[in-house]
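Data block below; observations after.
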Amino acid sequence: MPGYGIVGPDEGSGLLPWSWAAERLSTSRNYWVTSVWPDGKPHAMPVWGMWDDSTLWFSSSARSRKARNLANDPRCMVTTEDATDPVMIEGIARITTEPADLQRAIDLMNAKYATDYGVGFLDPAVNATIAVRPRRVFGLRSADFTGSPTRWVFEG
């Protein structure tokens, strides 16, 4: 982060452990998903989401702007709702219709949000079930803004 006085990885509180990011990805109630319109302008919308080890799941109306954007260009950003200690995912979205994926997503949703939806809620004709796999993840603690920024890379 040039120009912000960020110190080296051995200064400040040091690099954050992945467990710090994973906890925030798991416990965030809401997430911001940023996709790109076909003409290149950004589009950000809040969603419920479920972190599942290496994938962030969410759903959206199949006709929604974000679902259509992600079908056209799967590159996206997803951030936790907490701008104080944020975690930001740069990833690739995949719209899935696989029955096992739909069941996993609805099970995670019901457990996290205390809902009781059946898998029919994720009927692909009505709702898109979207899995975002991180390529890069960023996190930082506001209490040590200059000493904690951390980047994790999951691409080759």
- Message: Set out, in order, the CA-CA distance, both residues' side-chain angles and the distance that settles side chain to side chain contact (heavy atoms under 4.5 Å, CB included) for Glu90 and Phe138, then state yes or no.
- Response: CA-CA 8 Å; Glu90 286 183 3; Phe138 301 89; 3.6 Å; yes
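- Here the side chains of Val132 and Cys76 are in contact, with some heavy-atom distance below 4.5 Å.
- Pairs passing the ring pair (Phe, Tyr, Trp, His ring centres under 6.0 Å) check and including a residue from residues 49-105, sequence neighbours excluded, do not occur.
- Between Glu23 atom CD and Thr27 atom OG1 the span is 5.5 Å, to the nearest 0.5 Å.
- One distance of note links NE2 of His43 with NZ of Lys66; it measures 5.5 Å at 0.5 Å rounding.
- Taking each heavy atom of Leu122 and Ala105 in turn, the nearest pair found is CD1-CB, 3.9 Å.
- Around CZ of Arg151, the count of heavy atoms belonging to other residues, nucleotides or ligands within 6.0 Å does not exceed 12.
- Side-chain contact between Pro86 and Thr79 is absent, with no heavy-atom pair separated by less than 4.5 Å.
- Atoms OG1 and CG, on Thr55 and Leu25 in that order, are 11.0 Å from each other to the nearest 0.5 Å.
- Side-chain atoms of Arg94 and Asp101, non-hydrogen and from C-beta on, do get closer than 4.5 Å to each other.
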- Message: Determine whether Met109 and Asp107 satisfy the following criterion, side chain to side chain contact (heavy atoms under 4.5 Å, CB included), listing intermediate values before the conclusion.
- Response: CA-CA 5 Å; Met109 185 185 300; Asp107 289 346; over 6 Å; no
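- Exactly one of Val33, Ile130, Thr34, Val87 qualifies for a side chain to side chain contact (heavy atoms under 4.5 Å, CB included) with Val78. That residue is Val33.
- Of all the heavy atoms in Thr97 and Pro124, the pair that sits closest is CG2-CB, 3.7 Å.
- Paired with Thr129 under the rule side chain to side chain contact (heavy atoms under 4.5 Å, CB included), one option of Leu102, Ile106, Ile95, Asp123 passes, and it is Leu102.
- Neither side chain, Arg68 nor Asn72, offers a donor N or O lying under 3.5 Å from an acceptor on the other.
- Using a 4.0 Å cut-off between charged side-chain N and carboxylate O, Arg24 and Asp82 make no salt bridge.
- When all heavy atoms are compared, the tightest approach of Arg133 to Ser54 is NE-O, 3.1 Å.
- Residues Met77 and Trp37 do not share a hydrophobic cluster, clusters being chains of Ile/Leu/Val/Met/Phe/Trp/Tyr side chains in contact below 4.5 Å.
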- Stepwise side chain to side chain donor-acceptor pair (under 3.5 Å) check, Asn127 with Ser59: CA-CA 6 Å; Asn127 286 315; Ser59 66; 5.7 Å; no
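- Of all non-hydrogen atoms in Lys112 and Ser26, the two that sit nearest each other are NZ-O, 3.3 Å.
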- Kindly indicate, with the supporting measurements, whether the criterion side chain to side chain contact (heavy atoms under 4.5 Å, CB included) is fulfilled by Ser35 and Met45. CA-CA 9 Å; Ser35 60; Met45 291 297 288; over 6 Å; no
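- Side-chain contacts under 4.5 Å among hydrophobic residues (ILVMFWY), followed directly or transitively, place Val36 with no other residue at all.
- Evaluation of the ring pair (Phe, Tyr, Trp, His ring centres under 6.0 Å) test over residues 61-117, restricted to residues two or more places apart or in two chains, returns Trp48-Tyr113, Tyr117-Phe121.
- Remark: side-chain polar atoms of Ser64 are not paired, donor with acceptor, to backbone N or O of Ser60 under 3.5 angstrom.
- Closest approach of Ala62 and Ala125 over heavy atoms only: CB-O, 4.4 Å.
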- Message: Quick one, Trp32 with Val47, criterion side chain to side chain contact (heavy atoms under 4.5 Å, CB included). Give me CA distance, side-chain angles, the key distance, then yes/no.
- Response: CA-CA 6 Å; Trp32 286 94; Val47 297; over 6 Å; no
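- A heavy-atom distance below 4.5 Å is found between the side chains of Arg75 and Asp73.
- Hydrophobic clustering (side-chain heavy atoms under 4.5 Å, transitive across Ile, Leu, Val, Met, Phe, Trp, Tyr) groups Trp20 together with Val137.
- Of all heavy-atom pairs between Leu140 and Pro149, the closest is CB-CA, 3.9 Å.
- Both Tyr31 and Phe154 are part of a single hydrophobic cluster, where members link through side-chain heavy atoms under 4.5 Å apart.
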